[in-house]
Amino acid sequence: MKQNLLIIDDEDLILHNLKYLLKKHALTVFTANNGKAGLNILQKNQIHCVICDIFMPDLTGVQIIKEVRAMGNMVPFVFFTAHGNHDLMLEAAKYGAFEFINKPYFESLEEIIINGLREGFERSSTSNILTKENEYQEILDMFLAALKDTNVR
Amino acid sequence: MITNYLIASPHKEWADALSVQLSNLGLSYDRAFNGKEAQALLHKNNYSITLLDLELKNHSSLEILRYIKLSKLKTVVMFYVPYAGILNEYGMTLGILKRLGIMEVLLPTMTPLAIIKKLRHWSDPNVWRHIPFDPLKREEKEKSLSDDEFTKVNIQEALELGIAAFDHYLRLAPDKYVRVVHQGEPFPVSTIQNYINAGVEYLYFYTSDRLEYINLMNELVRKMIDASPHSDDLIIKSLKSVADKYINEAYTEGIKPSLIEEGKSFCNNVYSLITKDKDLHKKLHDMEYMIPDLFSHSFLVSFYSILISKQIKWVGKKTLESIAIGGLLHDIGLMELPEELRKDSPHHLDNDQKIEWEKHPLLGAKVLQGSPFVNEQVRQIVYQHHEYIDGSGYPNSLTALKIYPLAKIVAVGDGYVNKMTELKVSPRETFKAFLLDRTNILKYEPNHLRALAQSLI
Ligand SMILES: [Fe+2]
Ligand SMILES: [Fe+2]
């Protein structure tokens with residue numbers, strides 16, 4: 001099951017490379033080289049994960065995530081950050097950032113994007129059968145049962 | 001001249017008599033009158049023999065013994081039993097003492113010279129060779145045992161322990177083991193040296209044996225603490241790794257030894273990584289010496305956050321590292337607050353103080369902005385470690401979907417460790433209490449609690 005990814009970055013080279021690198025993990029990889037274009041794509045398509053540069057000349061990553069949340073959209077955001085963007089990151093955190101990737105170290109990029117897409121898919125589908133109460137009871141029962149076993153041994 | 005013997009005893013007359021004879025023979029020794037002094041001396045010096053009076057107070061003899069064993073100090077331990085009834089009082093027998101690796105039990109009826117004879121015997125570096133004991137000749141044939149039940153230990157480290165607290169085996173093939181040393185006996189140095197030369201890297205022991213040993217030790221120490229009125233804790237800098245020092249066995253009882261080792265070594269690795277940053281090193285150093293409780297709390301939170309993460313599928317290696325560092329540094333912002341506010345929890349603070357205290361996540365994130373060894377993931381863990389999924393946290397009252405996933409894991413570790421420190425019970429008992437506390441149902445993700453449960457069973 002593949003999901004849709006959106007990459008927003010003002011550097012076209014990055015867009016191009018990331019799209020090439022990540023296309024095997026997504027059904028469609030959308031790209032936008034500015035915030036407005038990105039928001040446009042988000043309005044028209046079901047996106048499961050957004051990769052977004054935090055610092056861009058028109059809209060910053062913070063302004064973009066703020067808009068998206070105002071639309072009632074909880075899609076996971078993965079931010080590209082660099083040294084010097086610290087205060088923007090603390091601001092972005094208030095709107096719910098899913099992950100952070102420190103430019104130029106893209107080492108765990110793929111792992112993070114796979115997680116982001118999965119999380120985005122779970123958020124868009126409401127299949128939570130267990131209520132939280134039940135789940136806690138289940139954990140407690142499992143734990144107590146396991147303890148009994150080890151005590152007997 | 002090398003100091004050879006440590007005499008730790010509150011019985012002045014007895015120790016004086018022994019000291020006089022040692023001096024007469026030109027042998028050097030140190031004296032300690034309580035457990036704290038003994039531990040400080042053991043930390044500083046190497047002793048071939050440590051003589052522990054069973055009636056030692058303020059760090060009991062068993063606590064010192066535990067310190068010696070956990071620190072892997074190479075010293076032969078002898079116990080002085082000042083009167084026969086005391087063994088009973090502490091619920092001990094000579095058999096138990098032997099199982100704990102006590103080489104000699106000294107009685108008040110022995111003259112100083114008789115005692116010195118024993119000391120000399122055991123401090124002879126060649127004494128191991130004189131022991132009429134060749135495990136391979138005496139030993140049974142190989143056995144078919146299951147790999148699952150064994151834990152491996154580096155052969156060199158095992159050798160350094162001197163005496164085997166439990167049986168150790170050599171692994172010949174999958175599920176095939178042969179016992180090379182019995183519980184309570186010294187490791188046969190030359191035989192083991194031969195194995196090492198032959199390229200053997202590990203010895204094996206039954207995982208359950210070690211747990212049993214630790215439990216026995218813990219239980220005896222507990223009994224002794226109950227029986228003696230004062231026993232303060234003293235943080236002694238030891239030669240061990242920092243994680244060993246601050247994550248002691250009471251906090252990990254019941255967890256699989258392999259998980260414990262892995263978690264601790266992870267803590268050590270990330271600690272040495274981040275302390276390459278001079279400023280950060282200084283901050284952590286200040287924390288260790290000014291607020292040891294908070295320093296130990298930080299290691300425990302890191303340790304438990306690692307355990308939880310290990311059970312979560314989507315956590316990769318790099319992420320795990322960030323979680324470990326985030327755990328270590330989560331409360332670093334407290335060091336920016338006035339001294340009276342530097343506590344791991346805000347209980348007993350008045351309202352104004354609480355408001356100040358609750359600034360520590362932001363202060364921590366700010367402090368870490370300058371460090372090249374700390375990435376954004378770590379800063380966000382620090383910034384969000386007091387956010388709870390029901391929105392009751394701070395600084396931003398974020399709810400489930402908005403909290404940074406890694407921060408949620410460290411928040412569980414933090415909450416759990418605080419519970420353990422508060423209740424002073426075993427990790428499992430703590431978990432039960434933690435889960436039965438209904439407010440935790442609202443604050444933490446069920447998946448993370450399940451992961452914690454799994455690492456405790
Ligand atoms: Fe905290
Ligand atoms: Fe904490």
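Here is how names work: the chains are called A, B, and so on, in the same order as the sequence lines, proteins then strands, and each is numbered from 1.
In this structure, A:Phe143 CZ and B:Gln454 CD are separated by 11.0 Å, a value rounded to the nearest 0.5 Å. Expressed to the nearest 0.5 Å, how far OG of B:Ser322 lies from CD of A:Glu99 amounts to 7.5 Å. How far CD of B:Glu321 is from OG of A:Ser108: 10.0 Å, rounded to the nearest 0.5 Å. Going from atom CG of B:Leu449 over to atom CD1 of A:Ile139 covers 5.5 Å, rounded to the nearest 0.5 Å. In this structure, the separation between NZ on B:Lys318 and CG on A:Asn102 is 8.5 Å, given to the nearest 0.5 Å.
Contact check for A:Ile101 versus B:Glu376: no side-chain heavy atoms found under the 4.5 Å cut-off. Looking only at side-chain heavy atoms (C-beta outward), A:Leu147 and B:Lys432 come within less than 4.5 Å of each other. Within the 4.5 Å cutoff, the side chain of B:Leu368 has no heavy atoms near those of the A:His86 side chain. With contacts defined as side-chain heavy-atom distances shorter than 4.5 Å, the pair A:Met89/B:Gln380 qualifies. Side-chain contact between A:Lys94 and B:Lys402 is absent, with no heavy-atom pair separated by less than 4.5 Å. You'll find the side chain of B:Gln369 reaches within 4.5 Å of the side chain of A:Leu90, heavy atoms only.
The closest donor-acceptor contact from the side chain of A:Asn115 to the backbone of B:Trp314 lies under 3.5 Å. The backbone N or O of B:Gly316 sits less than 3.5 Å from a side-chain atom of A:Glu111, completing a donor-acceptor pair. Here the side chain of A:Arg123 pairs a donor or acceptor atom with the backbone of B:Leu401 at under 3.5 angstrom.
When heavy atoms are compared at a cutoff of 4.5 Å, B:Ala365 approaches chain A solely by way of its side chain, counted from C-beta outward. Heavy atoms of A:Tyr95 lying under 4.5 Å from chain B belong exclusively to its backbone. Neither the backbone nor the side chain of B:Lys313 has a heavy atom closer than 4.5 Å to any heavy atom of chain A. With a threshold of 4.5 angstrom between heavy atoms, B:Asn375 approaches chain A through its backbone and through its side chain. Only the side chain of B:Ile389 comes within contact range of chain A, with at least one heavy atom under 4.5 Å from a heavy atom of that chain. Of the atoms belonging to B:Gln384, it is side-chain heavy atoms, and not backbone ones, that fall under 4.5 Å from chain A. Contact of A:Leu144 with chain B is made through the side chain alone, with heavy-atom distances under 4.5 Å. For a residue to count as touching a neighbouring chain, one of its non-hydrogen atoms must lie under 4.5 Å from one of that chain's; by this rule A:Ala97 touches chain B with the backbone only.
Chain B forms the most heavy-atom pairs under 4.5 Å with one residue out of A:Asp87, A:Ile112, A:Ile114, and that residue is A:Asp87.
Aromatic rings from B:Tyr404 and A:Phe98 are positioned such that their centres are separated by 6.0 Å or more.
Other residues, nucleotides and ligands contribute at most 12 non-hydrogen atoms within 6.0 Å of the CZ atom of A:Phe55.
Closest of all the heavy-atom pairs between A:Ala93 and B:Leu398 is O-CD1, 3.6 Å.
In this view, B:Val367 and B:Lys283, B:Glu336 satisfy the side chain to side chain contact (heavy atoms under 4.5 Å, CB included) rule, not counting sequence neighbours. In this structure B:Asp437 satisfies the salt bridge (Lys or Arg N to Asp or Glu O under 4.0 Å) test together with B:Lys419, sequence neighbours excluded.
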